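Below: the structure, in structure tokens.
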Amino acid sequence: MTLFADLRHVIYALSDALDLVGVDDVAHGKRVGIMAAECGRVAGLPETETAFLLDLGMLHDIGVSSTRAHCHLVEKFDWDGSQVHCEVGHALLKGFGPLEAMAEPVRYHHTRWDALPTGDVDPDTLRAANLIYLVDRVDALAASHYADNSLLLFTDDIRARIAEHAGTFFSPELVELFLDASHTEAFWLDLEPRSIQARMVESLATARDYPANTDELKHLAGIFARIVDAKSPFTAEHSLGVARLARHLAERLGVSPENCDKLEIAGMLHDLGKLRIPDEILDKPGRLDAAERKIINTHSYETFQILHGIRGFDEITRWAAYHHEEPDGSGYPFHLTAAEMPFEAAILRVADIFQAMVQERPYRQGLGNAEVSAFIRRMADDGRIDSRVAEVLLEDVPAARLAACPALDELPEASLGA
């Protein structure tokens, strides 16, 4: 059986993951999408094009996984290095058919209007990119006013700042369009959390179905695995390695092909919630203190929150979110017991632990085969992991290591976002 899910539901849910990178500001992409779509509506664009602008806005920062980079995005009008995440986002989206139309606009969404390439890129693509840049900067200018509900007091200042950059940063035509669209209070009130949520629900309810097959879902999951793994040098390739090892173990344990596919996707998405963890905690080489550990422990619940709204992802959501549950109920975030744990989630837990132990990290070398075998055996004996899964892994540790830490050129094309 082939796994199907609605791609639009997946896109909307995963945009929540991108918005988590802001830590405290968790709706930047959605606000950019809403403003871009409203400008498109005022311009008289057909509904399909305004829907594209909404989706493009939600995913425009797909190349950002660092909270430090996000702070630059919302605190500065322009800065050195602003192009890096654009190139990363372009590389992730290029070649993935359902979202490939976003690749070029993402590439140029921080390029000034007077520096955009001429003749080499479709003018409509450059227009979309510059519109996203414009409303992205609007959101940066507005960011400090969301928390205290003072935005309406500063909209004239924001509009004036944008107008100052007509012909340089932004197309004069698009500046005029923005000024036309944003003269109403409604334009700005649509950026409030309650209005954003209503817009997302409405868009999902009225959008046409967009079924995605297993291969497309794997590719999209691979893109987001890349984003998560890029957040910290300590976790590079972790999600992809966990996904490969989980599938390897599941196949050896007789799990059905359909559930192997789902488990592979769950492995790629299991650490989505880490996008909300501040960089300084994830990158800390030493032992975490009690407060830092509590923050880290929120990530699997954040993963649950992101994924549980995707129609057709019920099992994927549970397996991904349960990867820190322990058989005696002492794990987190739900404190499930062995009787409540799906077998696939138990497989994913072992894959997550093993991959973390054998992977090279900047502050330590990965464990050798003898050391990691003893570690896994001890965890199984202590009842902290499923003994059935542990036994299969221990039967061939070198094969498990190869699955968990593949060379880049061994990774599947879908996972590379190529």
Side-chain angles (χ1 to χ4, degrees), residues 5-22 25-41 45 47-65 69-70 73-74 85-86 88-90 92-93 96 98-110 125 128-140 142-143 146 187 190-208 210 212 217 220-221 223-224 226-228 269 272 275-276 302 305-307 309-311 313 417:
D6 190 284
L7 188 64
R8 189 168 298 280
H9 278 257
V10 179
I11 291 170
Y12 278 39
L14 295 183
S15 76
D16 289 341
L18 295 180
D19 281 342
L20 286 181
V21 177
D25 173 23
V26 293
H28 171 66
K30 294 180 178 66
R31 291 193 298 264
V32 168
I34 287 170
M35 285 190 282
E38 179 59 15
C39 287
R41 186 193 68 78
L45 297 181
E47 187 175 332
T48 54
E49 293 186 36
T50 60
F52 173 78
L53 289 172
L54 178 64
D55 291 350
L56 175 61
M58 289 196 294
L59 296 183
H60 76 284
D61 277 341
I62 198 168
V64 177
S65 55
H70 182 88
L73 289 172
V74 298
H85 77 283
C86 303
V88 172
H90 173 262
L92 289 169
L93 294 172
F96 179 44
L99 300 182
E100 187 162 22
M102 296 184 186
E104 289 296 300
V106 164
R107 183 179 193 176
Y108 294 112
H109 83 272
H110 269 279
T125 294
N130 198 239
L131 177 59
I132 293 297
Y133 189 17
L134 189 157
V135 294
D136 178 86
R137 295 303 82 200
V138 169
D139 198 57
Y146 291 128
F187 178 92
D190 272 347
L191 307 179
E192 293 185 344
R194 184 174 61 177
S195 298
I196 292 171
Q197 182 60 31
R199 178 62 176 270
M200 296 299 102
V201 171
E202 178 188 3
S203 296
L204 283 175
T206 58
R208 64 180 176 85
Y210 199 155
L217 292 171
L220 188 58
I223 288 173
F224 277 82
R226 285 291 196 198
I227 297 166
V228 174
L269 300 177
L272 274 177
L275 288 173
R276 195 172 189 180
E302 294 287 4
Q305 287 288 79
I306 293 165
L307 297 178
I310 302 176
R311 193 181 307 145
F313 264 44

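In this text the structure is predicted, and so the values were computed from the model without any measurement.
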First locate atom [atom1] of [X], then atom [atom2] of [Y], and finally report the distance between them rounded to the nearest 0.5 Å.
| X | Y | atom1 | atom2 | result |
| --- | --- | --- | --- | --- |
| Y146 | R31 | OH | CZ | 4.5 Å |
| M58 | L18 | CE | CG | 10.0 Å |
| C39 | L53 | SG | CG | 9.0 Å |
| L275 | E302 | CG | CD | 10.0 Å |
| L272 | I306 | CG | CD1 | 5.0 Å |
| I132 | L56 | CD1 | CG | 4.0 Å |

| Atom CD of E47 with >12 non-hydrogen neighbours under 6.0 angstrom |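 For E47, atom CD is not crowded (no more than 12 foreign heavy atoms under 6.0 Å).
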Do [X] and [Y] have side-chain heavy atoms sitting under 4.5 Å apart?
| X | Y | answer |
| --- | --- | --- |
| V106 | L92 | no |
| I310 | Y12 | no |
| L99 | I62 | no |
| D55 | M102 | yes |

| query | Do the side-chain N and O atoms of H109 and D136 include a donor-acceptor pair separated by under 3.5 angstrom? | reply | no
| task | Please report the C-alpha distance between L54 and M200 in whole Å, then the side-chain angles of each, then the deciding distance to 0.1 Å, and finally whether the side chain to side chain contact (heavy atoms under 4.5 Å, CB included) criterion is met. | result | CA-CA 10 Å; L54 178 64; M200 296 299 102; 4.2 Å; yes
If I compare all heavy atoms of [X] with all of [Y], which pair ends up nearest, and what's the gap?
| X | Y | answer |
| --- | --- | --- |
| F52 | A101 | CZ-O, 3.7 Å |
| V64 | I227 | O-CG2, 3.9 Å |
| L131 | A36 | CD2-O, 3.8 Å |
| G40 | T50 | C-CG2, 3.7 Å |
| A129 | P105 | CB-O, 3.4 Å |
| F313 | L307 | CB-O, 4.2 Å |

| task | Determine, for E38 against R41, whether the closest basic-nitrogen to carboxylate-oxygen distance falls under 4.0 angstrom. | result | yes
| request: Under the side chain to side chain contact (heavy atoms under 4.5 Å, CB included) rule, what do D61 and V32 come out as? Steps first, then yes or no, please. | output: CA-CA 10 Å; D61 277 341; V32 168; over 6 Å; no
| query | H110 and H60: aromatic ring centres closer than 6.0 Å? | reply |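 Not under 6.0 Å, so no.
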| request: Before giving the answer on salt bridge (Lys or Arg N to Asp or Glu O under 4.0 Å), spell out for E202 and R199 the whole-Å C-alpha distance, their side-chain angles and the decisive distance to 0.1 Å. | output: CA-CA 5 Å; E202 178 188 3; R199 178 62 176 270; 5.0 Å; no
